[in-house]
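Each remark here refers to the structure printed beneath this line.
Just so it is clear, the values below take in all heavy atoms, side chains as well, and ignore hydrogens, waters and symmetry mates.
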Amino acid sequence: MGNILKKVFYITNKYIVLATPLILFSLISTIYMAYFVGGNLIKVLVAELLLLMMTAVFIAGWFNMIKVAIKDPDKDNINSLMKEFPSGVGEYFASSIGAVILISIFAILMLILSFFVGMKLIGDIGISHQVFQNALKTTDSLKVFLTSLSAEQLSKLALWNMLLLGCMSLTSFLSMFYMLPLFFKTKNFLLAFCIGLKDIFSKKIFHTILLYLFIFVGYFVISLLSTIFYKNMIMHFIMTLLTFYYVVLIAVGVFYFYYHNFVKPQIGQNVDEIV
């Protein structure tokens, strides 16, 4: 485990240029969502379609860069890795669009399933959507909202939070390997989803669970620190940079784990790697 972490940190630090597309995509998509999403139904649909295409472009290009970095961790010309972004867009754009749509549908279905399970096992809290939405506007309004709830409502609210957290965690775990077969085994996004699930529940499932827990704990710690230092401009900036670095580190780590456990050992056997 120590050698794997050392190798992942080595690749991430050497190819820190991987953070560039991530930062640019985060910046562009945030500005886009703030200024272009809204209005009538047609404008919303067009905006969502463009956001879908932007996301597919990012995934296709960025994941292809990570794939190349994992397969060739000792490249001499580090900056040449940026050339792999447009190559990835050209090769994986169509597959990435299908994958983004499919994973969105899967997440929605899991959310709907959790809703029905919650209504069956927990029950309705008795709070209107408008009241709950208003309570989330400020910290003070949230405090007033929580103090106005009965003990039974607070208990149900806590159970609903646990259920939704469990649903999101399970969805993330089941889709953790989804995108990777697209870049190593098949460009068919439906087949890639099945392969990703099969690889999760393989003989390596214990190691996969440990990897997921490592990612989850790291994300929780960084989110907690970001919340604590939110009002400190300098620390907030540092935490933002740390968050981007962590995302790159995790992406490299998952690719590295998948390549060395589910791709490289199978090359020339029952699976041929896409090159």
Going from CD1 on Ile234 to CD1 on Ile238, what distance comes out if it is rounded to the nearest 0.5 angstrom?
-> 7.0 Å
Mind running side-chain contact (heavy atoms from CB on, under 4.5 Å) on Ile28 and Phe58 for me, showing each step along the way?
-> CA-CA 11 Å; Ile28 293 172; Phe58 168 70; over 6 Å; no
Examine Phe255 together with Phe63 and report whether their ring centres are nearer than 6.0 Å.
-> yes
Got a sec: does the OH of Tyr212 have more than 12 other heavy atoms crowding it under 6.0 Å?
-> yes
Rounded to the nearest 0.5 Å, the CZ atom of Phe229 sits from the CZ atom of Phe237 at a distance of 15.5 Å
Would Phe262 and Phe184 count as a close aromatic pair, with their ring centres under 6.0 Å?
-> no
side-chain contact (heavy atoms from CB on, under 4.5 Å) evaluation trace for Ile215 with Tyr246 = CA-CA 9 Å; Ile215 295 171; Tyr246 181 73; 4.2 Å; yes
Mind checking whether Phe173 and Leu164 sit in one hydrophobic cluster, side chains of I, L, V, M, F, W, Y counted as touching below 4.5 Å?
-> no
Is a side-chain donor or acceptor of Tyr259 paired with a backbone partner of Leu180 at a separation under 3.5 angstrom?
-> no
Going by the angle between their ring planes, with limits at 30° and 60°, are His260 and Tyr256 parallel, tilted or perpendicular?
-> tilted
Could you give the distance from CD1 (Ile122) to OG (Ser114), rounded to the nearest 0.5 Å?
-> 9.5 Å
Donor-acceptor pair, Thr243 side chain versus Met239 backbone, under 3.5 Å?
-> yes
Are any non-hydrogen side-chain atoms of Thr208 and Tyr258 less than 4.5 angstrom apart?
-> no
Transitive ILVMFWY side-chain link Val89 to Leu24, under 4.5 Å | no
Are any side-chain N or O atoms of Ser26 and backbone N or O atoms of Leu22, one a donor and one an acceptor, separated by less than 3.5 Å?
-> no
What distance separates Thr240 OG1 from Phe244 CZ, expressed to the nearest 0.5 Å?
-> 7.0 Å
Side-chain donor or acceptor of Ser150 paired with backbone N/O of Gln153 under 3.5 Å | yes
Heavy-atom check, side chain of Lys185 versus side chain of Asp199, under 4.5 Å = yes
Examine Ile250 and Val217 and state if one hydrophobic cluster contains both, with Ile, Leu, Val, Met, Phe, Trp and Tyr joined whenever side-chain heavy atoms are less than 4.5 Å apart.
-> yes
Heavy atoms only: give me the nearest Ile66-Ala251 pair and the separation to one decimal.
-> CD1-CB, 3.7 Å
Under 4.5 Å between any side-chain heavy atoms of Phe193 and Phe106, yes or no?
-> yes
For atom CE of Met82, is the number of surrounding heavy atoms from other residues, nucleotides or ligands below 6.0 Å larger than 12?
-> yes
For the residue pair Tyr92 and Phe183, categorise the inter-ring angle as parallel (less than 30°), tilted (30 to 60°) or perpendicular (more than 60°).
-> tilted
Which atom pair, heavy atoms only, marks the closest approach of Ser29 to Met54?
-> CA-CE, 4.2 Å
Please round to the nearest 0.5 Å and tell me the distance separating atom OG1 of Thr227 and atom NE2 of His236.
-> 10.0 Å
More than 12 non-hydrogen atoms from neighbouring residues, nucleotides or ligands closer than 6.0 Å to CE on Met162, yes or no?
-> no
Nearest heavy-atom neighbours spanning Ala56 and Ile97 | CB-CG1, 3.3 Å
Count the heavy atoms of every other residue, nucleotide or ligand shown that sit under 6.0 Å from OH of Tyr10, and state whether that count exceeds 12.
-> yes
Spell out, as yes or no, whether a donor-acceptor pair under 3.5 Å connects the side chain of Asn161 to the backbone of Leu157.
-> yes
Determine, stepwise, if the pair Leu18 / Thr12 fulfils side-chain contact (heavy atoms from CB on, under 4.5 Å).
-> CA-CA 8 Å; Leu18 287 168; Thr12 302; over 6 Å; no
Does any non-hydrogen side-chain atom of Val100 lie less than 4.5 Å from one of Phe189?
-> no
Return the minimal non-hydrogen interatomic distance between Ile103 and Ser175, and the atom names on each side.
-> CD1-CB, 3.2 Å
Under a single-linkage definition using a 4.5 Å side-chain heavy-atom cutoff for Ile, Leu, Val, Met, Phe, Trp and Tyr, are Leu191 and Phe177 assigned to the same hydrophobic cluster?
-> yes
Salt-bridge contact Lys67-Glu84 (side-chain N to carboxylate O under 4.0 Å) | no
Just do the side-chain contact (heavy atoms from CB on, under 4.5 Å) check on Phe116 and Ile112 with the steps written out, would you?
-> CA-CA 6 Å; Phe116 283 110; Ile112 293 173; 3.4 Å; yes
Has the side chain of Trp160 got a donor or acceptor atom that lies under 3.5 Å from a matching backbone atom of Gly123?
-> yes
So NZ of Lys204 and CG of Asn261: to nearest 0.5 Å the spacing works out to 4.5 Å
Find out whether Leu5 and Phe214 are in side-chain contact, i.e. whether some heavy atom of one side chain is under 4.5 Å from a heavy atom of the other.
-> yes
Quick one: closest heavy-atom pair of Ala192 and Pro181, and the distance?
-> O-CG, 3.7 Å
Indicate, with yes or no, if Trp62 and Leu241 share a hydrophobic cluster defined by side-chain heavy-atom contacts under 4.5 Å among Ile, Leu, Val, Met, Phe, Trp and Tyr.
-> no
